[in-house]
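The structure appears right after this line, and notes come after that.
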Amino acid sequence: MKFTSTTALGLVLGAAMGTTAFASDGKLDIVFINDGHVAPYHVAWLSGFEDAIAAYDTAFPDTKITGRWLSAEGSLEKMIQQAEVTINEKPDVMFVNAINVDAFEPLVAKAKAAGIVWIAVHSPMESADYSFTLGDVENGKNQGLAMCALSGGKPFNVAIMLGQAGNPSGDARHQGILEGIKTCDNVKVVAEQPADWDTVKAQTLAENWMTQFPDLNAISGVTDGYMYPSIAIAANSGRTDLQFYGYDGDIPIIQQMEGGQVKADILLSGTREGWNFVQMAYRIHMGQEVEKVYDFFTPLVMSDENYALALKNGFPADIEVYNVAKALDVAAKGDIEFGPDSVK
Amino acid sequence: MTSISTSTTPRLSGLSLRYLVLLGLIVIASVGFGLANENFYSLTNFGILLRSIAVLFLVSMGMTFVMLTGGIDLSVGSNVAFSGGVGVITLTTTGSAPLGFAAAVLAGMAIGAINGVFIGRLRLSAFMVSLATYALARGLALVIYDANSINVSNAAFLWLGGVSWGSMPVVIPFVVVVFVGLSVLLYNTPFGRNVYAAGANFNTSFVLGRRPERTLVWIYVLSGALAGLSAIVTVGRVSSGQPWSGLYLEFDAITAVILGGTSLFGGRGRLLGTILGVLLYGIIINGLVLTGTNPYLQSLIKGMILLGVVLLDTWTQRGKTS
Amino acid sequence: MTKRIDMTGIGKSFFATRALDRVDFSCVSGEVHALVGLNGAGKSTLMKVLGGVIACDEGAITVDGVAVRIASPADATGLGIAMIHQEYSLINELTVAANIFLGRELYLGRTPFLDKREMARQVRTQLDRFGLTLDPARPVRELNSGEKQIVEIIRALMSNSWLIVMDEPTSALSEEDKERLFEFIRRMKAEGVAIIYISHHMPEIFGIAEQVTVMRDGKIVLSERTGDTTEAAVIQSMTGTELDDFVKPPKQIQGDVLLEVATLSKPQHYENVSFSLRRGEILVLTGLRGCGAPELAKAIFGLDGGYSGTVNYRGKPLSPGRGPAVSVRDGMGLVTENRDKNGILAPLSVRDNIALPYLEKATRGGLIDGGRIDALVAKAIRDTSTKTASAAQEIRFLSGGNKQKICFSRWLDDGLELLILLEPTRGIDVHAKADIYRIIEDLALRGVGILVLSYEIDEVMLLADRVITLYQGRSVAEYAHPHFNKDRMLADMAGVGTQAATAH
């Protein structure tokens, strides 16, 4: 990667100024540039972020904590423009969920030159000050392991709904799910298809699969968005035996776990992630040690009954699992795990 | 001008009035955003602002030609992705930046030629044809990119879209050169007059032997060529070729052209109006980001401004005729 | 039972012009009353009074002896008077039955659903009554002109109309459709319908009408039973003899032959037409609407192919349908009959409208020399005495006459050799007309060959060096200046002496 002279100069300056650029003036300004703002996960994420800013500002009167978010609406060009404008504004911390990380290398350098802490969201960046990652492979694997443990040892057919072709997050989750399933012999993948994060496409897929595979036992997905249409179609066609394995920790999905057909989910929750951002920014601001590549804590969710059964069937005891009540609690209230109390 | 036009009392044509309104809005928006955020007036911000609308300038100028003929080109955004892909792939396989540039522009012109032949020669609806090429070009882009982006590090290829002289992005002088060139083409050549004639009345234009069907073909090729140039600028800006670049660009361009006073029905409008339209649009977008306006509101504000300007236009037009 | 309508002493003035001068006109059910007259004779004004479109200044209208007031088209409809215009008022996307029942649809009981079957049945009954075959379920867009006309008339009849006014009903019809229309009219007569039939076609009038009335200058000049008069007498009274016919001074035309048309034919439009045109000559083609002359002119200009025969221009044959661009390059010009549709470029300035054909000539090194264009435009505006605020004025703000002058200005260039004019003074005022005649004469003096299509006999007499009359696509006779005979020309145009289109 070649840099222009200005960005190279910026790099030198940024390195010279180091981490002393902030923390002195008792203010913390955080900007979050996201790739979208209308998907349910994004809505929860952005409002969690807003709530956390307000809560931290009240909890720590010594520091004036402000923040705002921007949405690039899926356009890389727009995201770059927003990042440029934001750098010119000199906030203290920038979270950027880059659509393409390589395109942002020059901007990371510019931000460093301006003394801004750059946190790369989801896709890690070597040059960034920090990266906030999801552990998608690990999470996917946990979902696969849960499937093995709850499949009951008999031949078990699963169909997987994937993300958009070429999407790194979706690919990582897919890879993890397959790794988890591989640990047992009875679970067989009979079909996998991208549904492009689109519920309508997911609905079509679910309909096709249920007619095509009468002996289907489970549908797995890389997002909870796929679960809503799948569950509805299974109910309509009387497939009460079908199991569902989700990913995201959407509250309506978790609510269907106790005695229901949804067996396991990965608890991301946009609300939690938004709160975690602010917590992370505050910790950096206060000079606490934060890992350069920070993994968002995303436990597996199962009902108590299913967890007991899973443990009996050899599910590893060291994997953290939340029960439904706890998951619902923390998913709705990000401050339980990431609130001001967590850093006091 | 000769004695005929100068002998009459000076009057404000509908278009000049529109330009004054646009200038007024630009001033109002600038003052407003300047008051809300002192950074708005920084040189750096002007550089950022201009760079962010460079592509919109190029595409909108092509769209102005198209809309002057009463047509529409919905394919430009997808064409930016497609021609960028062709350019980047040519660059990575041959290693030659000039070949990459040529390939991008030619690819853009090829999509334009498809539009032109169907719209100009076969007289199909511009909306329909360019809606088809909108999907077609995006599909081609996804296929040739294999849905993944391609990183570009060739300094020469990135120069146009990526480099700044101080706060001035080099792409802005380039846009100015294109603007002057297209102005000469539109106002000082028979081709340019044919563009107005084809849009004002296709039948009359045909009967007068102006070959409007041929003019239309070239108009869409021109729009495609500008999409190709925009692709080069876009690649430079994001230092990579992206299959999803140029998303919704056609709508921004149509918005800017309409803001600039070009009639949807053809025959009426000027490039200067489009330049002002793009500026106003860019300032509003930039200002909304700077002032931290709620993104849920931004779309609403854009829509209201467009509606407002169109309303204002109707009123002034009515006032003039009555 | 018979009904009758009487219009007595109808008078109407527009400013200083006496459009109707105490006109008496009546119509009886079961009869066709033909109304003829030159353009501007007052026929359409009279019919507009009858249709409630305009109010008369004086006079009375009675139906079966009872005085009525027709103040609006709705009043006319209420009295059972229906106007069938040349432009049909049907909705293309609806079926025949839906069009006929438009606005008074039948429903299934009290439901909001249409009773399509019953509507179709009623339409079919009506069609049968008049011996017509037409599927009520067909969409109107699939019908030809003749069938659309039938639908219009049936719609009128089913709305209880007993008096039908038809304005030039055969102008857009094929021979076959004409025959069917005449048969339909005869059946309507038998059913007690009254028909006012506006036409210039003598064979049609004498074939179908019981009564013929001729109007001239807002007055009735002849009203006779068709059996008691002749085609020649009708023509004679249309033109009158008291009119002081203007005859332009004789001139010598020495130019060589510019255009030579030989045995040109196109089915349904024109047949076996031959003529030649010299440089500097004004040749006028005239006839009634539908005589085929505009199509002929368009074929010569290269707009239209698909004809047989040859067109030689400057001694060389022209290829059919070669497109206007080639024609313009070769020194031809065209002024179309419909200014607003394909004559002007409404949103553009006067300057742009005039300059278009000159652009290439004023271009140096790829760039237009604005000064040259301005000079050309200024000269064109001066030469045609066009009234415009400035050359930058948008043309749509100009009057019809000035718009028309601009359509001429485009062709004043020295390179022009043949100018084709379709209805050069349609819809413009007297002063602009005079200017346009002067422009045409000037061009001819310069050596331009001019081919004119005109439907106005006075204009023909005024302009032409030579006249060719056409009837239904065939040339009837040729007249050379100064041997013009207005009555004979009108008789040619009206088809006098040709086989009667239909028998009594």
Side-chain angles (χ1 to χ4, degrees), chain A residues 1-7 29-38 42-43 46-47 50 66-91 98-107 110 114 163-168 170-171 194 196, chain B residues 37 39-40 42-45 47-49 51-56 77 80 142 145-155 158-159 161-166 233-235 237-249 252 282 285-296 298-299:
Chain A
M1 174 116 280
K2 285 188 182 164
F3 292 121
T4 59
S5 55
T6 25
T7 49
D29 187 26
I30 312 167
V31 176
F32 172 24
I33 300 179
N34 207 349
D35 58 351
H37 66 285
V38 288
H42 283 73
V43 172
L46 297 167
S47 69
E50 284 176 350
T66 52
R68 62 200 153 92
W69 57 268
L70 303 165
S71 163
E73 295 167 57
S75 155
L76 177 59
E77 293 95 317
K78 192 174 257 178
M79 185 174 264
I80 288 181
Q81 186 207 349
Q82 291 172 339
E84 281 176 340
V85 173
T86 306
I87 292 169
N88 197 33
E89 286 281 279
K90 296 194 179 51
I99 292 173
N100 177 286
V101 289
D102 294 306
F104 282 87
E105 291 294 354
L107 288 173
K110 233 184 234 179
Q164 217 158 14
N167 177 282
D171 287 352
D196 302 351
Chain B
N37 187 322
N39 262 334
F40 182 82
S42 69
L43 225 79
T44 323
N45 189 46
I48 292 169
L49 167 67
R51 191 208 290 260
S52 71
I53 52 178
V55 163
L56 191 56
V80 165
L142 286 166
Y145 274 115
D146 199 14
N148 283 314
S149 61
I150 299 174
N151 289 318
V152 176
S153 54
N154 181 309
L158 298 181
W159 182 78
V163 175
S164 293
W165 295 321
V233 175
T234 305
V235 169
R237 185 163 160 71
V238 303
S239 36
S240 57
Q242 299 284 342
W244 287 103
S245 65
L247 204 59
Y248 308 132
L249 186 59
D252 288 349
I285 304 294
N286 179 271
L288 289 177
V289 172
L290 270 185
T291 51
T293 307
N294 183 334
Y296 297 117
Q298 291 188 10
S299 208

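Chain identifiers are assigned alphabetically (A, B, ...) following the order of the sequence lines, protein sequences preceding nucleic acid strands; residue numbering begins at 1 within each chain. Computed over heavy atoms, backbone and side chain alike; hydrogens, waters and symmetry mates excluded.
Between the side chain of A:Glu77 and the backbone N or O of B:Gly246, at least one donor-acceptor pair lies under 3.5 Å.
In this structure, the separation between CD on A:Gln164 and CG on B:Leu142 is 8.5 Å, given to the nearest 0.5 Å. Distance CD/A:Gln82 to CG/B:Leu290: 11.0 Å, rounded to 0.5 Å. We find the CD-CG distance between B:Gln298 and A:Leu70 to be 7.5 Å, quoted to the nearest 0.5 Å.
At a 4.5 Å heavy-atom cutoff, the contact between A:Val43 and chain B is made by backbone and side-chain atoms alike. Only the side chain of B:Thr234 comes within contact range of chain A, with heavy atoms under 4.5 Å apart. Contacts of B:Asn37 with chain A are made by side-chain atoms alone, with heavy-atom separations under 4.5 Å and no backbone atom involved. At a 4.5 Å heavy-atom cutoff, the contact between A:Lys78 and chain B is made by side-chain atoms alone.
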task: Show your working on side chain to side chain contact (heavy atoms under 4.5 Å, CB included) between A:Gln81 and B:Ile285 and close with a plain yes or no.
output: CA-CA 10 Å; A:Gln81 186 207 349; B:Ile285 304 294; 4.2 Å; yes
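Minimum interatomic distance between A:Asn88 and B:Asn39 (heavy atoms only, all atoms of both residues): O-ND2, 3.4 Å. Closest approach of A:Glu73 to B:Tyr248, counting heavy atoms only: O-CE1, 4.4 Å.
Interface check for chain A: of the options B:Asn45, B:Ile48, B:Asp146, the most heavy-atom pairs under 4.5 Å are formed by B:Ile48.
Of the N and O atoms on the side chains of A:Asp102 and B:Ser240, not one donor lies less than 3.5 Å from an acceptor on the other residue.
Annotation: side chain of B:Arg237 is in contact with side chain of A:Glu84 (closest heavy-atom distance under 4.5 Å).
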